Amino acid sequence: MKLFLYRQWRKLRNAEHWLVAKLTFRALDLLKRLPPERATEFAARIARRLGPLSSRHRVALDNLRQAFPEKSEAEIKAIALEMWSNMARLLAEYVFLDQIFDYDPAASTPGTIEVDGVELFEKIRQRRGPFLFFTAHTGNFELLPVCAATFGLEVTALFRAPNNPYIARKVLEARRTNMGHLVPSKAGAVWSLVNVLERGGAVGMLVDQKFNRSATTQFFGRPVGTNPLLPKLARQFNAEVYPARCIRLPGGRFKLHLEDRIELPRDPNGVIDVTASCQMLNDIVERWVREYPGQWMWFHKRWQR
């Protein structure tokens, strides 16, 4: 009986995923008929109305109040609305990535994209790695691998696929066209990254997601679990580590910033300290989020253990 009920639940769940995916793809197809700026602005307006009606909005407000106890309730709500705007723009921009990324290093005036750290990109491209790049869910982080590819730097990115299998398949297909190699975060994914690093290649990953099986660190003064994979890989392969982020600018523009190489903390024996390194990653991401709080996904249950 239990097996029968489980199978029926799986069928209903699959039907739900299929319906949600169809509606999502239809909405993106409609947005694609508009110019990029109009499409993203339309998506942002809808999100600012519908986002506050969701249960995730309450999560976002609670997280913001605890992260910024000095801010007024009006400021907290304004940041939450900006967050919904950013998330909606990010979704809509999936179908326009090739059009949005117009960076030309020879141009006299910046276009939609401007890049800080061009010299670093050039130096890294001319050398053999291994290299590790990390970022967070800020701005349109999807533009970072596209930028690396523009400079001839192939980055294999570890990403968490959406829970909806139909959407996950579509996203993976879309990203493969202009974002280099991708490795879905699941069992066995680490070995793919190891192979890249062993060849002296480059790996990129997001480091601001909840991870339960880790030592406790701090983020905005609250305990969180942080994925230790990046410092473990850096320790194993003596890889160089670089922070990179995307900042959303007014007028539908973006700044992509590759920061200088960081030195991860080491223990008295000179070995990379994994827990201290995780804390360093959190501190860097917190600095980014504090600078542009409305561009981070506050509805994520980052602090739940």
Side-chain angles (χ1 to χ4, degrees), residues 16 20 23-24 27-28 31 39-94 134-143 159-164 167 171 185 206-212 214 216-227 243 245-252 254-255 278-279 281-305:
E16 179 187 0
V20 170
L23 293 173
T24 301
L28 291 177
L31 288 175
T40 54
E41 183 59 36
F42 175 75
R45 287 202 305 268
I46 296 298
R48 290 173 73 90
R49 292 186 178 184
L50 297 183
L53 302 179
S54 70
S55 60
R56 287 285 180 166
H57 189 68
R58 292 190 292 274
V59 174
L61 292 176
D62 180 63
N63 285 335
L64 281 162
R65 289 177 187 124
Q66 295 195 57
F68 299 110
E70 74 283 4
K71 292 188 182 295
S72 68
E73 190 65 14
E75 290 174 309
I76 293 297
K77 290 180 178 178
I79 293 172
L81 285 178
E82 185 182 348
M83 173 206 69
W84 287 118
S85 236
N86 182 67
M87 291 295 107
R89 290 177 189 276
L90 174 64
L91 178 62
E93 285 159 357
Y94 262 110
F134 71 90
T135 191
H137 293 84
T138 59
N140 188 334
F141 52 91
E142 302 288 2
L143 289 168
F159 82 104
R160 183 185 181 280
N163 292 330
N164 187 308
I167 294 178
V171 168
S185 179
L206 291 151
V207 297
D208 59 340
Q209 294 168 300
K210 182 175 68 173
F211 192 82
N212 294 326
S214 71
T216 299
T217 53
Q218 297 284 315
F219 188 57
F220 280 87
R222 299 164 64 190
V224 294
T226 302
N227 193 332
R245 62 168 165 163
C246 174
I247 302 168
R248 189 179 294 279
L249 302 174
F254 304 88
K255 178 186 288 187
C278 286
Q279 185 58 59
L281 301 182
N282 285 349
D283 292 342
I284 291 172
V285 173
E286 182 175 331
R287 167 170 59 84
W288 294 344
V289 175
R290 285 186 179 276
E291 189 174 0
Y292 297 99
Q295 298 190 23
W296 193 65
M297 52 174 202
W298 291 98
F299 58 74
H300 178 50
K301 297 180 181 180
R302 179 72 177 91
W303 287 273
Q304 285 192 358
R305 295 287 286 171

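In this text, all values refer to a predicted model and were calculated from it rather than measured experimentally.
Residue pairs meeting the salt bridge (charged side-chain N to carboxylate O under 4.0 Å, His left out) criterion with at least one partner in residues 285-295, sequence neighbours excluded, are Arg245-Glu291, Glu259-Arg287, Glu286-Arg290. Residue pairs meeting the salt bridge (charged side-chain N to carboxylate O under 4.0 Å, His left out) criterion with at least one partner in residues 61-75, sequence neighbours excluded, are Arg65-Glu73.
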Pair Arg89-Asn140, side chain to side chain contact (heavy atoms under 4.5 Å, CB included): steps then yes or no: CA-CA 8 Å; Arg89 290 177 189 276; Asn140 188 334; over 6 Å; no
Verdict with reasoning, His137 to Gln209, per side chain to side chain contact (heavy atoms under 4.5 Å, CB included): CA-CA 9 Å; His137 293 84; Gln209 294 168 300; 3.5 Å; yes
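Applying the ring-ring contact (aromatic ring centres under 6.0 Å, His included) rule to Tyr292 yields no partners; only residues at least two apart in sequence or on another chain are considered. In terms of the salt bridge (charged side-chain N to carboxylate O under 4.0 Å, His left out) criterion, residue partners of Arg248 (sequence neighbours excluded) are, by chain and number, Glu93. For Phe254, there are no ring-ring contact (aromatic ring centres under 6.0 Å, His included) partners at least two apart in sequence or on another chain. The side-chain contact (heavy atoms from CB on, under 4.5 Å) search around Asn227 returns Phe211, Leu229, not counting sequence neighbours. Partners of Arg222 by salt bridge (charged side-chain N to carboxylate O under 4.0 Å, His left out), not counting sequence neighbours: none found. For Trp298, there are no side chain to side chain donor-acceptor pair (under 3.5 Å) partners, not counting sequence neighbours.
Separating the CG atom in Asp283 from the CH2 atom in Trp288 is a distance of 12.0 Å, to the nearest 0.5 Å. Here the straight-line distance linking atom CG of Leu61 with atom CE of Met83 works out to 8.0 Å at 0.5 Å rounding. From Ile284, atom CD1 reaches atom CZ of Phe134 across 3.5 Å, with rounding to the nearest 0.5 Å. Distance check, rounded to the nearest 0.5 Å: CG of Leu281 to CG of Asp208 gives 10.5 Å.
A donor-acceptor pair under 3.5 Å is formed between the side chain of Thr217 and the backbone N or O of Val224. One N or O on the side chain of Arg302 and one on the backbone of Gly225 form a donor-acceptor pair closer than 3.5 Å.
Between Leu206 and Ala136 the shortest heavy-atom distance is CD2-C, 3.5 Å. Residues Leu143 and Cys246 come closest through the heavy atom pair CD1-SG, 4.4 Å. Across all their heavy atoms, Glu82 and Gln295 have their closest contact at OE2-CG, 4.3 Å. Across all non-hydrogen atoms, the minimal contact from His57 to Pro52 is CG-CA, 3.4 Å. Listed here is the closest heavy atom pair of Ala92 and Thr40: CB-CG2, 4.0 Å. Residues Met87 and Phe299 approach most closely at CG-CE2, 3.5 Å, considering heavy atoms.
Between Thr226 and Val207 there is no side-chain heavy-atom pair separated by less than 4.5 Å. Residues Gln218 and Pro223 have side chains in contact (heavy-atom distance under 4.5 Å, counting atoms from C-beta outward).
Note: Trp303 and Phe220 have perpendicular aromatic rings, judged against thresholds of 30 and 60 degrees for the angle between ring planes.
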Please list, one pair per line, the donor and acceptor atoms closer than 3.5 Å that link side chains of residues 42-49 to other protein atoms, with sequence neighbours excluded.
none

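With ring centers used as reference points, Phe219 lies under 6.0 Å from Trp296.
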